[in-house]
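To start, the structure under review is shown below, and the notes come after it.
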Amino acid sequence: MSDNNPLFEQPDPSLYSPTKKGPIGSFFSPVAGFGVTFSTIFRPTVTEEYPYKKVPTRPRYHGLHKLNRYADGLEKCIGCELCAWACPADAIYVEAAPNSPGAQYSPGERYGRVYQVNYLRCIFCAYCIQACPTRALTMSNEYEITAPTREEMIYEKHQLLVPLAQGMLNPPHPMVEGTTDADYYQGNVTGPTQAQIDWVAEHRPDDPSLEGARASQKAEGEK
């Protein structure tokens with residue numbers, strides 16, 4: 001092949017070669033690596049008395065995963081497994097199952113029946129968070145993740161799913177009447193409706209979430 005072919009030309013060495021230092025830069029090169037040391041050596045020493053005194057983490061700290069819900073209580077996870085595919089450490093396992101009229105756990109066709117995070121593998125990179133299309137998976141500031149056995153370091157869905165907030169209905173229950181999964185994704189659902197409350201009352205009259213949902217519904221009606 002011709003050396004004049006632009007496809008085979010070598011890049012300009014100045015684009016990737018180290019920057020050449022002048023005489024002054026070369027003179028101080030041996031001590032340049034101690035710049036961080038010298039900048040911190042005279043700062044006061046701070047001892048964090050953990051676990052007796054816990055220092056709050058940064059707001060964007062990557063901690064324990066959380067599986068979130070919509071305002072009516074349905075789960076945001078649709079079992080798409082994109083988080084598992086995005087995980088570079090293969091720490092997430094998802095097994096989806098279809099929703100049905102009598103067992104609707106999330107908007108749409110599927111939900112995450114099995115959700116596991118192996119914290120012996122997880123590197124807390126948050127790639128899974130970026131891959132999630134419904135914002136079902138987020139990371140909290142909780143960092144005390146430990147267990148006496150290796151098996152217990154594999155967190156199951158019931159350990160990651162956030163508790164019901166005031167007014168939410170415990171799934172399964174139908175979606176808000178007249179809505180699609182897109183309405184849920186766009187934030188148009190603000191809470192359970194009376195039809196959802198009646199459905200749960202008919203099929204699970206002893207469900208503990210009914211009391212809170214009825215109270216919230218009553219408060220909304222009085223406004």
Side-chain angles (χ1 to χ4, degrees), residues 36-37 39-97 105-107 110-172 184-185 187 189 191-192 207-209 211-213 216:
V36 175
T37 303
S39 65
T40 59
I41 195 171
F42 298 109
R43 294 180 182 177
T45 302
V46 178
T47 302
E48 296 181 1
E49 299 180 10
Y50 178 86
Y52 306 105
K53 294 182 181 179
K54 298 180 181 180
V55 179
T57 61
R58 296 290 183 180
R60 297 180 64 184
Y61 175 83
H62 295 165
L64 184 72
H65 295 76
K66 292 295 181 183
L67 289 172
N68 301 300
R69 301 176 185 267
Y70 289 105
D72 63 349
L74 289 180
E75 300 169 7
K76 287 189 174 184
C77 179
I78 57 175
C80 66
E81 303 180 31
L82 288 176
C83 54
W85 282 100
C87 180
D90 196 22
I92 300 177
Y93 174 76
V94 182
E95 187 176 308
Y105 288 90
S106 68
R110 304 195 308 169
Y111 73 100
R113 187 180 69 85
V114 177
Y115 201 101
Q116 297 176 342
V117 178
N118 187 341
Y119 283 105
L120 295 173
R121 291 185 174 185
C122 180
I123 59 175
F124 301 93
C125 62
Y127 284 179
C128 53
I129 308 303
Q130 300 174 26
C132 183
T134 63
R135 293 293 293 168
L137 188 66
T138 53
M139 298 183 82
S140 67
N141 296 129
E142 187 176 343
Y143 56 86
E144 294 180 314
I145 307 172
T146 184
T149 64
R150 296 178 65 87
E151 290 78 10
E152 292 178 89
M153 287 299 292
I154 301 176
Y155 277 51
E156 302 285 348
K157 178 181 174 179
H158 69 274
Q159 297 172 282
L160 303 171
L161 192 62
V162 297
L164 292 172
Q166 180 66 27
M168 289 183 178
L169 276 175
N170 196 32
Y184 277 83
Y185 304 154
V189 175
D207 194 302
S209 65
E211 183 179 353
S216 295

message: Measuring from atom CG of L120 to atom CD of E151, what distance do you get when rounded to the nearest 0.5 angstrom?
response: 9.0 Å

- request: Please tell me if the side chains of L67 and L137 come closer than 4.5 Å, counting only heavy atoms from C-beta onward.
  value: yes

query: For the side chain of Q159 and the backbone of E156, is there at least one donor-acceptor N/O pair under 3.5 Å apart?
result: yes

query: Is it the case that more than 12 heavy atoms not belonging to E144 sit under 6.0 Å from its CD atom?
result: yes

task: Starting at OG1 of T146, measure out to CE of M153 and round the result to the nearest 0.5 Å.
output: 6.0 Å

- request: First locate atom OG1 of T134, then atom CD1 of I78, and finally report the distance between them rounded to the nearest 0.5 Å.
  value: 5.5 Å

field: Closest heavy-atom pair and its distance - A89, R121
entry: CB-O, 3.3 Å

task: Decide side-chain contact (heavy atoms from CB on, under 4.5 Å) for I92 and Y115; before the verdict, give the C-alpha distance in whole Å, the side-chain angles of both, and the deciding distance to 0.1 Å.
output: CA-CA 7 Å; I92 300 177; Y115 201 101; 3.8 Å; yes

- prompt: For the residue pair M139 and G63, what are the closest heavy atoms and their distance?
  reply: CE-O, 3.1 Å

task: Fit a plane to each ring of Y61 and Y143, take the angle between them on a 0 to 90° scale, and name the class: parallel (under 30°), tilted (30 to 60°) or perpendicular (over 60°).
output: perpendicular

query: Just wondering, more than 12 heavy atoms not from F124 lying within 6.0 Å of its CZ?
result: yes

message: Test side-chain contact (heavy atoms from CB on, under 4.5 Å) on R135 and N68; report intermediate values, then the result.
response: CA-CA 8 Å; R135 293 293 293 168; N68 301 300; 5.8 Å; no

- prompt: Is the closest side-chain donor-acceptor distance between Y184 and D72 under 3.5 Å?
  reply: yes

Heavy-atom pair with the smallest gap, counting every atom of G167 and S216: CA-OG, 3.2 Å

task: Test side-chain contact (heavy atoms from CB on, under 4.5 Å) on C122 and Y155 and set out the steps.
output: CA-CA 11 Å; C122 180; Y155 277 51; over 6 Å; no

query: Given the rule in the side-chain contact (heavy atoms from CB on, under 4.5 Å) test, do Y119 and L64 qualify, once you have shown the distances and angles that lead to the verdict?
result: CA-CA 9 Å; Y119 283 105; L64 184 72; 3.2 Å; yes

- prompt: Where is the tightest heavy-atom contact between A136 and C132, given as atom of each residue plus distance?
  reply: N-SG, 3.2 Å

4.5 Å side-chain heavy-atom contact, Y127 and W85: no

query: Closest approach of V94 and G79, non-hydrogen atoms and distance?
result: CG1-CA, 4.1 Å

statement: The reported gap from CD1 in I123 to NE2 in H62 (rounded to nearest 0.5 angstrom) is 11.5 Å

Closest heavy-atom pair and its distance - K157, G112: NZ-O, 2.7 Å

query: How many angstroms lie between OG1 in T57 and CD in E142, if you round to the nearest 0.5 Å?
result: 10.5 Å

- request: Could you tell me the separation between the CD atom of E75 and the CG atom of L161, rounded to the nearest 0.5 Å?
  value: 5.0 Å

